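Here's the structure we're looking at; comments come further down.
It should be emphasised that the depicted structure is a prediction, and the values quoted were computed from it without experimental measurement. Chain letters run A, B, ... following the sequence lines, proteins first, then strands; residues in each count from 1.
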2 protein chains.
Amino acid sequence: MAAPLSERKQQILRAVVVNYIKTAEPVGSRTVSRAYKMGLSSATIRNEMADLEDLGYLSQPHTSAGRIPSQTGYRYYVDNLMDPDDLSADDELAISSSLSTEKMREIEQIINNSARVLSSATNQTSLIMGPQFRKSAFHQLRILPLDEKRGLVVLITDTGFIKNKVIDMQQQLSQAELHQVVSYLNQKLYGLTIDQVTSSLINELKRDLFKRLEILEQAFILLEESLKEEKQIRVFLGGTTNILNQPEFKDVDKIRRMLNLFEQEPLLFKILEDSSSEDDIVVSIGEENEYEDIQECTLITGTYKIHDKTLGTVGVLGPTRMDYSRVISVMRRLVGYLNQSLSS
Amino acid sequence: MAAPLSERKQQILRAVVVNYIKTAEPVGSRTVSRAYKMGLSSATIRNEMADLEDLGYLSQPHTSAGRIPSQTGYRYYVDNLMDPDDLSADDELAISSSLSTEKMREIEQIINNSARVLSSATNQTSLIMGPQFRKSAFHQLRILPLDEKRGLVVLITDTGFIKNKVIDMQQQLSQAELHQVVSYLNQKLYGLTIDQVTSSLINELKRDLFKRLEILEQAFILLEESLKEEKQIRVFLGGTTNILNQPEFKDVDKIRRMLNLFEQEPLLFKILEDSSSEDDIVVSIGEENEYEDIQECTLITGTYKIHDKTLGTVGVLGPTRMDYSRVISVMRRLVGYLNQSLSS
DNA sequence: TTTAGCACTCTATCTTGCAGAGTGCTAAAA
DNA sequence: TTTTAGCACTCTGCAAGATAGAGTGCTAAA
């Protein structure tokens with residue numbers, strides 16, 4: 001399998017992949033010899049293509065059709081043959097304008113826009129995992145009295161999350177006492193990620209503060225509920241209808257399975273999390289994906305950060321026949337802008 | 001058009017509608033005479049059916065096919081012929097258990113669950129408009145100092161919305177001054193709906209308070225942004241893939257148009273708002289819908305309330321061939337539970 | 001007024017035939 | 001030894017017919 005391909009074979013493989021990505025039609029020897037003038041007749045190309053098929057890089061839908069890349073073929077293309085796609089000025093503009101011009105304070109809105117841009121620039125479906133609340137670090141807890149009976153607990157993280165909850169206070173507490181308790185909690189919790197605020201830690205704190213327990217019970221409930229509630233993180237989708245434009249999804253049954261998948265947020269979350277790496281863009285082709293439902297697809301993922309801390313994952317999902325170099329370029333650019341606009 | 005139908009014609013019309021809803025196949029005279037033994041031969045039924053076609057209640061896909069209900073036919077059925085569907089114990093349980101058992105604090109989660117239940121119980125796509133922030137009444141505004149340079153503005157409505165925003169305070173303000181300003185605002189705004197807080201009102205308030213203007217500028221921005229940002233209210237969808245099971249959507253192009261519609265939240269919002277009435281369940285059949293995209297569909301809507309105040313709209317969207325009586329029953333029940341669980 | 005009977009129409013499906021695209025192989029040319 | 005031309009062969013997709021089935025409308029009898 002690791003036998004290095006001759007220069008000529010590489011050129012032919014590239015030609016087939018590029019052509020198939022563009023046309024979605026099996027590529028014949030004539031097409032290759034004509035379109036990519038390398039001074040070879042179709043017969044020669046035919047022989048080479050037969051070799052490439054034996055080596056597992058190409059396959060034939062039926063005896064008298066052209067060749068299409070196999071999964072291994074795509075992999076070889078991505079690893080060795082692909083040349084980087086320079087984004088057009090238009091693309092560049094589309095990405096930057098939809099992200100940076102507007103002053104978007106809401107992180108949710110930024111993510112949503114990103115999903116839209118990513119899907120429309122790639123013509124595929126995009127999935128973006130929202131920032132993971134649980135991985136954020138505890139920053140500040142406040143309790144704001146609303147009236148005699150109620151208060152507002154506010155929890156702020158370093159990544160800009162603000163969680164709040166109205167609580168009932170069964171027992172009156174003086175301003176000073178409240179302040180004292182709150183600052184104790186802040187001191188204990190500061191810098192911990194939400195994940196680290198386990199219930200055992202909460203219990204420990206409760207013991208320390210048991211005198212004021214009744215009032216703070218509700219505040220602890222906020223903490224605990226935050227943990228539970230955010231277990232399923234939102235995954236933002238863009239361009240789910242784009243798969244309908246792909247000829248490989250003209251079968252209604254495949255469409256159904258795909259759309260069904262899109263409705264299962266927790267699963268999408270797992271898929272994204274599993275196949276992504278913090279460092280670079282990851283390309284998972286066909287059966288390289290663990291999840292059966294997307295083994296006819298390619299998933300390309302990247303991660304975005306705020307102040308060098310990984311916040312979430314960005315993904316593009318489409319048929320294995322996808323414009324790899326374009327998607328990768330777009331994603332790289334998008335992630336760049338995203339990092340930049342989140343850090344401000 | 002208003003000529004009353006004979007009892008027999010009504011029975012036949014009902015038979016055709018019921019049968020077509022069930023099978024999605026044109027209904028022939030033989031089928032009607034056999035299945036609904038009313039002691040008439042198929043020939044007689046044929047004559048009656050020809051009459052019903054002349055009257056506009058039925059139509060024929062082609063000369064030698066059975067009849068299918070026209071839009072007018074469905075309308076007549078819904079208004080005069082339909083008998084109420086008693087929900088099975090299973091359905092009843094499915095609805096109640098997925099809504100009331102769990103202690104769901106988050107309104108978003110309640111709505112989301114409702115959408116799921118509604119779509120799975122009806123096998124159609126469900127749309128639920130979240131509570132309308134803009135129609136909520138202003139309840140309380142608070143400003144909570146976080147540190148020397150920043151504060152948290154909190155806006156609370158009577159329907160339990162809590163909006164907040166971190167603001168920069170360019171200028172130090174004493175606790176007392178802040179308190180004074182905030183209570184002035186609360187007094188002026190209390191009880192107004194968010195819709196009523198127009199920018200002219202805001203400007204007026206700004207004039208009154210112009211001495212502290214710089215600090216409060218940010219608080220006003222929160223108000224104004226709330227107005228803008230919430231213009232497009234979230235519409236929760238359930239069972240979007242259900243349309244794929246409907247034989248009328250076996251055309252990929254129709255599917256695409258439908259799914260495209262589902263991605264346009266503001267449009268969905270308008271559709272729901274326009275065709276709903278506060279009082280009862282509304283059935284809009286085919287071209288009775290204003291929006292071209294759904295003129296091959298039927299939209300059934302209802303509204304849910306909290307303390308007798310209308311919060312949002314619930315809808316079921318599917319082909320005109322839908323099980324009207326079932327959908328209406330399910331929706332009526334769901335809205336009941338929803339009202340109940342929101343008011344607590 | 002209802003019914004039986006029959007000719008007619010339309011659709012869906014299956015078969016057949018054919019053109020087009022592309023291959024693999026062989027033998028000749030470089 | 002490598003490349004090329006030529007040719008027979010295979011497979012698909014499409015169009016044109018053929019056929020069965022369902023259901024109608026009409027007419028004449030009950």
Using OP1 and OP2 only, check whether a side-chain N or O of [X] sits under 4.0 Å from [N].
{"X": "B/Thr44", "N": "C/dT3", "value": "yes"}
{"X": "A/Arg34", "N": "C/dG22", "value": "no"}
{"X": "A/Ser41", "N": "D/dT4", "value": "yes"}
{"X": "B/Ser29", "N": "D/dT24", "value": "yes"}

Between B/Glu248 and B/Lys254, does any NZ, NE, NH1 or NH2 come within less than 4.0 Å of an OD or OE carboxylate oxygen?
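Salt bridge flag = no for B/Glu248 with B/Lys254.
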Between [options], which nucleotide gets closest to the side-chain atoms of [X]?
{"X": "A/Ala43", "options": "C/dT23, D/dT4, D/dT24", "value": "D/dT4"}
{"X": "B/Arg8", "options": "C/dG24, C/dT2, D/dC11", "value": "C/dT2"}
{"X": "A/Gln60", "options": "C/dT11, C/dT23, D/dT24", "value": "C/dT23"}
{"X": "A/Arg67", "options": "C/dT11, C/dT9, C/dT23", "value": "C/dT23"}
{"X": "A/Thr63", "options": "D/dG25, D/dT10, C/dT23", "value": "D/dT10"}

Give a yes-or-no answer on whether the side chains of A/Thr240 and B/Glu263 include a donor-acceptor pair shorter than 3.5 Å.
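Indeed, the side chains of A/Thr240 and B/Glu263 share at least one donor-acceptor pair under 3.5 Å.
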Judged by modelled atom types alone, do A/Thr44 and A/Asn47 share a side-chain donor-acceptor pair under 3.5 Å?
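The answer is no; no qualifying pair exists.
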Nearest-Å distance, [atom1] ([X]) to [atom2] ([N])?
{"X": "A/Leu52", "N": "C/dG24", "atom1": "CG", "atom2": "P", "answer": "12 Å"}
{"X": "A/Asp51", "N": "C/dG24", "atom1": "CG", "atom2": "P", "answer": "10 Å"}
{"X": "A/Glu25", "N": "C/dT23", "atom1": "CD", "atom2": "C1'", "answer": "17 Å"}
{"X": "B/Lys9", "N": "C/dT2", "atom1": "NZ", "atom2": "C1'", "answer": "14 Å"}
{"X": "B/Arg30", "N": "C/dC6", "atom1": "CZ", "atom2": "C1'", "answer": "15 Å"}
{"X": "B/Glu53", "N": "D/dG25", "atom1": "CD", "atom2": "P", "answer": "7 Å"}
{"X": "A/His62", "N": "C/dG22", "atom1": "NE2", "atom2": "P", "answer": "10 Å"}
{"X": "A/Ile45", "N": "D/dT4", "atom1": "CD1", "atom2": "P", "answer": "9 Å"}

Whichever of B/Pro61 and A/Ala50 has its nearest DNA chain C nucleotide further upstream toward 5'
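Residue closer to the 5' terminus by nearest nucleotide: B/Pro61.
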Distance-only donor-acceptor test, B/Arg46 side-chain atoms vs C/dG5 base atoms, 3.5 Å
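Check passes, donor-acceptor contact within cut-off.
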Look at the side chain of A/Ser64 and the base of C/dT23, then say whether one donor and one acceptor between them are separated by less than 3.5 Å.
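A donor-acceptor contact between them is absent.
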Verify the ring-centre separation between A/Tyr74 and A/Tyr57: is it less than 6.0 angstrom?
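No, the ring centres sit 6.0 Å or more apart.
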If you pin B/Asn47 and B/Gly66 to their nearest nucleotides in DNA chain D, which one's is more 5'?
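Upstream on the strand: B/Gly66.
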Criterion side-chain contact (heavy atoms from CB on, under 4.5 Å) against A/Met331, the qualifying member of A/Thr122, A/Thr301, A/Val316
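The single option meeting the side-chain contact (heavy atoms from CB on, under 4.5 Å) with A/Met331 is A/Val316.
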Tell me the partner of D/dA30, counting only Watson-Crick (N1-N3 plus N6-O4 or O6-N4) or G-U wobble (N1-O2 and O6-N3) with both under 3.5 Å; none if nothing fits.
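D/dA30 is paired with C/dT1.
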Criterion side chain to side chain donor-acceptor pair (under 3.5 Å) against A/Arg326, the qualifying member of A/Asp85, A/Asp91, A/Asn123, A/Asp86:
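Result for side chain to side chain donor-acceptor pair (under 3.5 Å) with A/Arg326: A/Asp91.
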